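I have placed the structure first, in the form of structure tokens, so that the comments after it can refer back to it.
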Amino acid sequence: MRKLLFFFLIAAVFGACSSVDCPLNNTVYTNYVLRGPVDTLQDTLTISTTTSDGSDSVIINKQVNTDSFSLPMSYFRDEDIFVMQTNTLFDTIVVQKTNTPHFESVDCGVNYFHTITGIRYTRHALDSVVIHNNSVNYDVSQKHFYIYFKEYRL
């Protein structure tokens with residue numbers, strides 16, 4: 001009986017020593033910062049995308065006084081398409097990327113980091129979009145894109 005109790009005690013000690021270090025923030029986002037003459041957007045901003053099942057999904061809904069925002073990235077698609085609406089003008093931003101599996105442990109599962117390879121956009125309210133940092137991972141402090149709106153949109 002003592003041997004069995006000793007075995008359980010050893011198993012409990014080894015089980016207690018293992019820890020799972022999964023990151024609390026396990027979703028990767030791209031961060032967009034407004035630059036140029038319009039560094040705060042006074043208009044309402046709505047951003048939507050199409051999900052993997054083909055339905056529309058609103059990510060940001062009528063945000064006001066925007067100077068920056070974050071958008072999630074898809075895991076498997078090579079392009080993420082975002083439709084941005086400011087009052088009555090619509091612009092489309094297409095982010096081209098590569099997806100790299102990121103594995104930390106069996107308990108955490110697989111996540112994906114991304115490398116931004118290009119960007120296309122329409123120019124109704126937008127003047128330009130510049131890639132500032134092309135590596136997208138868990139670091140939420142990184143600014144990935146600088147967005148320049150046309151000045152007359154004030």
Side-chain angles (χ1 to χ4, degrees), residues 15-154:
C17 290
S18 69
S19 67
V20 178
D21 291 330
C22 296
L24 296 176
N25 177 16
N26 61 1
T27 305
V28 294
Y29 288 87
T30 50
N31 295 312
Y32 296 74
V33 178
L34 275 64
R35 292 288 170 107
V38 182
D39 59 358
T40 301
L41 189 63
Q42 302 299 319
D43 294 342
T44 59
L45 175 67
T46 300
I47 299 176
S48 60
T49 189
T50 304
T51 60
S52 58
D53 66 0
S55 61
D56 288 338
S57 177
V58 175
I59 301 170
I60 295 175
N61 190 23
K62 297 183 179 179
Q63 184 172 331
V64 183
N65 295 326
T66 303
D67 63 353
S68 63
F69 54 90
S70 299
L71 298 176
M73 300 200 87
S74 65
Y75 288 157
F76 303 113
R77 287 184 270 175
D78 292 331
E79 289 185 341
D80 287 339
I81 301 170
F82 301 105
V83 177
M84 178 183 300
Q85 178 185 359
T86 55
N87 284 346
T88 59
L89 296 176
F90 289 87
D91 279 299
T92 302
I93 298 176
V94 179
V95 178
Q96 301 152 332
K97 61 189 176 66
T98 59
N99 307 307
T100 306
H102 175 73
F103 181 77
E104 292 188 25
S105 77
V106 175
D107 296 325
C108 299
V110 176
N111 255 328
Y112 286 86
F113 287 172
H114 310 280
T115 301
I116 299 167
T117 58
I119 189 160
R120 297 186 324 264
Y121 49 91
T122 59
R123 297 171 193 247
H124 302 288
L126 293 175
D127 181 51
S128 61
V129 180
V130 177
I131 299 172
H132 175 67
N133 182 358
N134 70 342
S135 178
V136 184
N137 51 34
Y138 294 142
D139 187 0
V140 295
S141 68
Q142 291 294 324
K143 307 305 180 210
H144 300 101
F145 296 99
Y146 291 153
I147 294 188
Y148 297 86
F149 280 89
K150 293 181 180 177
E151 193 169 1
Y152 70 86
R153 296 291 303 144
L154 290 170

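Just so you know, residue 1 is the first one in the sequence shown, and it goes up from there. Computed from heavy atoms alone, side chains included, the values below leave out hydrogens, waters and symmetry copies. Since this is a predicted model, take the numbers as computed values, not measurements.
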Quick check: closest heavy atoms across [X] and [Y], and the distance to 0.1 Å?
| X | Y | result |
| --- | --- | --- |
| M73 | D80 | CA-OD2, 3.3 Å |
| L89 | H124 | CD1-O, 4.0 Å |
| V136 | T30 | CG2-CG2, 3.9 Å |
| T92 | V83 | OG1-CG2, 4.4 Å |
| F90 | T122 | O-OG1, 4.1 Å |

Rounded distance [0.5 Å steps], [atom1] in [X] versus [atom2] in [Y]:
| X | Y | atom1 | atom2 | result |
| --- | --- | --- | --- | --- |
| Y32 | H132 | OH | NE2 | 14.0 Å |
| T86 | D91 | OG1 | CG | 6.5 Å |
| M84 | L71 | CE | CG | 7.0 Å |
| I119 | Q96 | CD1 | CD | 8.5 Å |
| Y138 | H102 | OH | NE2 | 4.5 Å |
| T66 | F149 | OG1 | CZ | 8.5 Å |

One pair to check against side chain to side chain contact (heavy atoms under 4.5 Å, CB included): V58 and I47. What are the steps and the verdict? CA-CA 6 Å; V58 175; I47 299 176; over 6 Å; no
Just by distance, do the side chain of T46 and the backbone of K62 share a donor-acceptor pair under 3.5 Å? yes
Any sub-3.5 Å donor-acceptor pair from K97's side-chain atoms to N134's backbone N or O?
no
Test log, rule side-chain hydrogen bond (donor to acceptor under 3.5 Å, both in side chains), inputs S70 and N31:
CA-CA 4 Å; S70 299; N31 295 312; 2.5 Å; yes
Could you check whether any side-chain heavy atom of [X] comes within less than 4.5 Å of a side-chain heavy atom of [Y], counting everything from C-beta outward?
| X | Y | answer |
| --- | --- | --- |
| Q85 | S48 | no |
| H144 | V95 | no |
| V28 | N111 | no |
| L34 | T40 | no |

**Request:** Would you please test N87 and T44 for side chain to side chain contact (heavy atoms under 4.5 Å, CB included) and show each step?
**Result:** CA-CA 6 Å; N87 284 346; T44 59; 3.4 Å; yes
Going by distance alone, is a donor N or O of one side chain under 3.5 Å from an acceptor N or O of the other, for N99 and H114? yes
>> Can you see whether D139 engages S141 through a side-chain donor-acceptor pair at a distance of less than 3.5 angstrom?
In response: yes
